[in-house]
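Beneath this line is the structure, given in structure tokens, with notes to follow.
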2 protein chains.
Amino acid sequence: MRASSVDQIIIETLSKEHAHLTSAQVYEKIRERLPAVNLSTVYRALERLVTSGSVSVSDMGTGSAVYEILADGRHHHLVCQKCGQVLTIEDNEVRELFSKIQENNHFHVLTNHLILFGICAACQKDS
Amino acid sequence: MRASSVDQIIIETLSKEHAHLTSAQVYEKIRERLPAVNLSTVYRALERLVTSGSVSVSDMGTGSAVYEILADGRHHHLVCQKCGQVLTIEDNEVRELFSKIQENNHFHVLTNHLILFGICAACQKDS
DNA sequence: AACCAAAACGCAAATCTTTGCAATTGCAAC
DNA sequence: GTTGCAATTGCAAAGATTTGCGTTTTGGTT
Ligand SMILES: [Zn+2]
Ligand SMILES: [Zn+2]
Ligand SMILES: [Zn+2]
Ligand SMILES: [Zn+2]
């Protein structure tokens with residue numbers, strides 16, 4: 001992989017934002033520094049960063065994928081399908097499962113930003 | 001929900017196929033019996049079936065989502081990002097994690113066809 | 001049987017993402 | 001500094017999925 005300027009700017013942007021950004025949001029941020037950049041270039045840069053493991057991409061049920069820097073420490077999310085609330089869970093709550101899967105199936109899990117859908121406590125009470 | 005004929009035909013189709021079908025594949029099957037059906041109608045029917053819990057939808061990294069009947073018993077998959085191999089794991093291998101998440105976060109997990117990406121045993125040896 | 005409201009549908013347009021191809025750029029060897 | 005190759009990019013088109021809206025169908029009620 002070559003030191004693409006777009007890759008570097010995306011890393012810097014996501015590192016500063018500490019949030020889940022859509023491709024369109026990343027695109028807007030990049031254009032502040034590279035006004036002529038093409039959207040497909042951003043998609044390809046994001047793909048490279050995901051493959052290299054420095055960025056996660058996830059479908060959180062919002063209609064478009066979201067990207068997040070992984071340097072801050074691994075975590076996962078629970079997304080309520082009724083109210084849309086997003087809970088964060090620590091990696092150690094999931095690590096045990098991944099270890100067991102690794103043992104049982106000799107399969108090295110790379111998923112690093114797991115999204116589980118369901119119903120949150122508040123919405124369970126409502127029904 | 002009303003008893004839509006498309007819903008019923010999709011159920012029958014997926015029940016007979018016992019496989020992961022893309023929306024395009026479902027569409028082709030439906031057209032054998034409803035030649036004039038619209039693709040967006042199929043998408044909306046699939047969405048209803050997923051919401052009702054009778055069908056699962058998953059991104060298995062193939063470029064388009066796949067749908068599968070859930071009546072046959074719950075299961076999950078490990079997808080190798082190098083060779084594309086798809087391993088199936090039983091629900092009991094995952095249920096423990098979901099129970100723990102339920103306890104710790106009072107969150108009722110509905111994800112019923114989990115896809116985890118990683119590297120299979122064979123591909124680990126190769127590298 | 002006529003009526004009504006809700007659900008489902010068809011169609012076209014919008015949105016999101018990927019891809020083929022030709023042109024450009026960065027890196028390293030010569 | 002020039003050459004060569006592979007990575008990156010822009011652009012346009014294709015592919016995948018969703019959505020707005022007007023119309024039709026369905027099932028229940030009068
Ligand atoms: Zn996150
Ligand atoms: Zn909720
Ligand atoms: Zn499956
Ligand atoms: Zn493999």
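Because the structure is a prediction, the values reported are computed rather than measured. Side chains included, hydrogens not; waters and symmetry mates left out as well; all remaining heavy atoms used.
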Inset, instruction - Starting from C1' on D/dT25, measure out to CG on B/Leu34 and report it in whole angstrom. - result: 14 Å

Inset, instruction - Return yes when atom CD of B/Glu96 has more than 12 non-hydrogen atoms of other residues, nucleotides or ligands closer than 6.0 Å, and no otherwise. - result: no

Legend entry - Nearest-Å distance for atom pair CG/P, residues B/Leu46 and C/dC9: 11 Å

Inset, instruction - Return the value, rounded to whole Å, for the distance between atom CZ of B/Arg44 and atom P of C/dA7. - result: 14 Å

Inset, instruction - Give a yes or no answer on whether the side chain of B/Gln124 reaches the backbone of A/His106 with a donor-acceptor pair at less than 3.5 Å. - result: yes

Legend entry - Gap between atoms CZ and C1', on B/Arg48 and C/dA6 respectively (whole Å): 13 Å

Inset, instruction - Please tell me which of B/Ala36 and B/Gly63 maps to the more 5' nucleotide of DNA chain C, matching each residue to the nucleotide holding its nearest heavy atom. - result: B/Ala36

Inset, instruction - Take the protein atom OH of B/Tyr67 and the nucleotide atom C1' of D/dA16, then report the distance between them rounded to whole Å. - result: 10 Å

Inset, instruction - Find the distance B/Glu47:CD to D/dT19:P and express it as a whole number of Å. - result: 8 Å

Inset, instruction - Return the orientation label for the B/His20 and B/His75 ring planes: parallel under 30°, perpendicular over 60°, tilted otherwise. - result: tilted

Legend entry - Any donor-acceptor N/O pair under 3.5 Å between C/dC16 base and A/Ser23 side chain: no

Legend entry - Check: B/Ser40 side chain, C/dC11 base, donor-acceptor under 3.5 Å: yes

Inset, instruction - State whether the side chain of B/Gln25 and the backbone N or O of B/Thr22 hold a donor-acceptor pair below 3.5 Å, judged by distance alone. - result: yes

Legend entry - For atom CG of B/Leu39 and atom P of C/dA8, their distance in whole Å: 18 Å

Legend entry - Donor-acceptor pair, side chain of B/Gln102 and main chain of B/His108, under 3.5 angstrom: yes

Legend entry - Atom-to-atom span, CD of A/Gln25 to P of C/dT15 - whole angstrom: 16 Å

Inset, instruction - Classify the nucleic acid contact of A/Ala65 as base, sugar-phosphate or nothing, counting any heavy atom under 4.0 Å across all strands shown. - result: sugar-phosphate

Inset, instruction - Establish, with yes or no, whether the OP1 or OP2 oxygen of C/dT17 is under 4.0 angstrom from a side-chain nitrogen or oxygen of A/Tyr43. - result: yes

Legend entry - Contact under 4.0 Å: A/Thr41 side-chain N or O vs D/dG10 OP1/OP2: yes

